[in-house]
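One structure is given below, encoded as structure tokens.
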Amino acid sequence: MSGIRALDGVDVAGKRVLVRADLNVPVQDGRVTDTTRIDRLAATVRELAGKKARVVLLSHFGRPRGRDLKESLEPLVPAISERLGLKVAFADDCIGEPAESAVAALRDGEVLLLENLRFHKGEEKNEPDFTAALARLGDIYVDDAFSAAHRAHASISGVAGLLPAYAGRGMEAELTALDKALGNPTHPVAAIVGGAKISTKLDLLSNLVGRVDLLILGGGMANTFLAARGVAIGKSLVEAEMLDQARAIEETAKKQGCTIVLPVDALVAEQFGAGQTAETVTIENIPADRMMLDIGPASVANIEAKLKTCRTIVWNGPMGAFEIPPFDSGTVAVAKAVAALTKDGTLISIGGGGDTVAALAAAGVENDFTYISTAGGAFLEWMEGKVLPGVIPLMQ
Ligand code: AMP
């Protein structure tokens with residue numbers, strides 16, 4: 001992506017390269033249950049090691065208060081080493097003597113992981129002394145942790161201000177994908193936004209209406225928009241205090257030439273839970289004692305027809321209560337439609353945000369989108385149009 005300092009042409013041979021990684025991976029009974037983040041780091045580490053850099057990996061893990069070995073990174077070393085395909089040494093602190101002597105012992109092409117950054121409060125507080133202690137360990141800084149880029153922490157924005165700073169390959173891929181979706185997209189662009197509530201996604205919706213041609217809404221948040229239009233939505237989840245906000249977003253969308261697409265039918269049931277009898281009704285006919293828990297087939301067909309006119313889509317949030325079948329049907333059907341159009345080459349598709357990754361994986365399309373971001377909070381802040389403190393120092 002232009003505008004970002006990438007690793008091309010950087011002479012790293014014999015240099016100590018601090019790589020900010022996100023190794024905050026899910027662990028159960030001492031085992032890493034999802035290696036996606038390690039896998040996405042592999043390209044950068046292998047490239048640097050291959051070019052004879054001395055690679056020093058920095059990461060946070062969990063939310064320890066001070067040094068707490070329950071949140072040590074050490075047990076992760078075998079999994080990291082296996083996924084990277086490289087031997088990984090470990091230092092039991094990220095600054096001071098243990099870190100300095102381990103870094104000094106590194107030879108060209110070797111990899112070292114330092115202990116959890118958050119064992120020191122200076123990390124999250126971005127304290128100058130802690131930042132300087134980290135920076136002393138390296139000659140070059142490489143940030144490959146987009147998922148932590150929304151945090152102005154010492155190992156992110158701090159060290160990047162003290163050393164020559166570059167984007168790692170994972171960071172570069174993420175920023176390139178995001179730029180294609182909202183920075184410099186091919187129009188028409190659609191955003192698909194779902195999930196439970198408007199209140200948690202107000203900034204996101206406000207940013208999107210000024211950037212996309214179509215805003216396709218589903219999930220619980222669509223209920224509030226429907227209610228704001230005067231539709232009787234029965235017992236459906238609604239944010240009564242958000243009706244004015246919903247109307248304001250509709251107004252802004254109209255002014256900006258953004259079309260809001262709401263469900264035209266829904267899957268309704270008596271309550272949110274397993275074993276419910278679900279039926280499909282049109283939006284004008286929602287029974288007073290039922291709640292909308294998913295978009296219906298006519299809504300899916302409508303969305304699919306609209307997507308065929310688009311060149312780019314960006315997606316956050318499920319179309320319904322996807323955890324409980326059959327209320328996953330809408331999300332799965334729309335996900336499959338996006339995947340098919342992406343495979344045909346007519347659509348660039350980017351999805352992301354916690355529940356969305358799970359929903360797209362459940363739909364079996366996680367490899368069929370142009371890019372799926374596992375970055376959670378950073379992805380959402382980027383969708384909100386915020387400039388991320390971890391990205392600024394990597395700009396040319
Ligand atoms: P979010 O974290 O805001 O993306 O919201 C995701 C959650 O919204 C999921 O747990 C879904 O079950 C829930 N959700 C989506 N649609 C509905 C709906 N129509 N009614 C109730 N909950 C919903």
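Nothing here was measured: the structure is a model prediction, and the numbers come from that model. These values consider heavy atoms only, across backbone and side chains, with no hydrogens, waters or symmetry-generated copies. Whatever order the structure lists ligands and atoms in, that order sets their numbers, starting from 1. The residues of the chain are indexed from 1 along the displayed sequence.
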Residue, atom and distance of the protein heavy atom nearest atom 18 (C) of ligand 1 read G220 N, 3.6 Å
The salt bridge (Lys or Arg N to Asp or Glu O under 4.0 Å) partner of D139 among K15, R16, R54 is R16
Say whether M291 and ligand 1 are in contact under the criterion: heavy-atom distance to a ligand atom below 4.0 Å.
no
Starting from atom 2 (O) of ligand 1, which protein heavy atom do you reach first, and at what distance in Å?
D355 OD2, 3.3 Å
What protein heavy atom sits nearest atom 3 (O) of ligand 1, and how far off is it?
A196 N, 3.4 Å
Would you mind checking which non-hydrogen protein atom is closest to atom 4 (O) of ligand 1, with the distance to 0.1 Å?
K201 NZ, 3.0 Å
Donor-acceptor pairs under 3.5 angstrom involving side-chain atoms of residues 324-333: please list them, not counting sequence neighbours.
| unit_1 | atom_1 | unit_2 | atom_2 | d |
| --- | --- | --- | --- | --- |
| S329 | OG | P326 | O | 2.4 |
| T331 | OG1 | M319 | N | 2.9 |

Any cation-pi pair here, R40 with Y371, using under 6.0 Å and within 45°?
yes
Who's the nearest protein heavy-atom neighbour of atom 21 (C) of ligand 1, and how far?
L237 CD2, 3.8 Å
So do the side chains of E381 and L388 get within less than 4.5 Å of each other, counting heavy atoms only?
yes
Which of these passes side chain to side chain contact (heavy atoms under 4.5 Å, CB included) with N223: L217, L237, V231, I198?
L237
Under 4.0 Å between a Lys/Arg side-chain N and an Asp/Glu carboxylate O for E384 and K386?
yes
Of the listed options G218, A358, G320, A266, closest to atom 14 (N) of ligand 1 (non-hydrogen atoms):
G320
Among protein heavy atoms, which lies nearest atom 10 (O) of ligand 1, and at what distance?
E323 OE2, 2.5 Å
Nearest non-hydrogen protein atom to atom 19 (N) of ligand 1, with distance, is M292 O, 3.1 Å
Do N184 and K180 get their side chains close enough for a donor-acceptor pair, meaning under 3.5 Å?
no
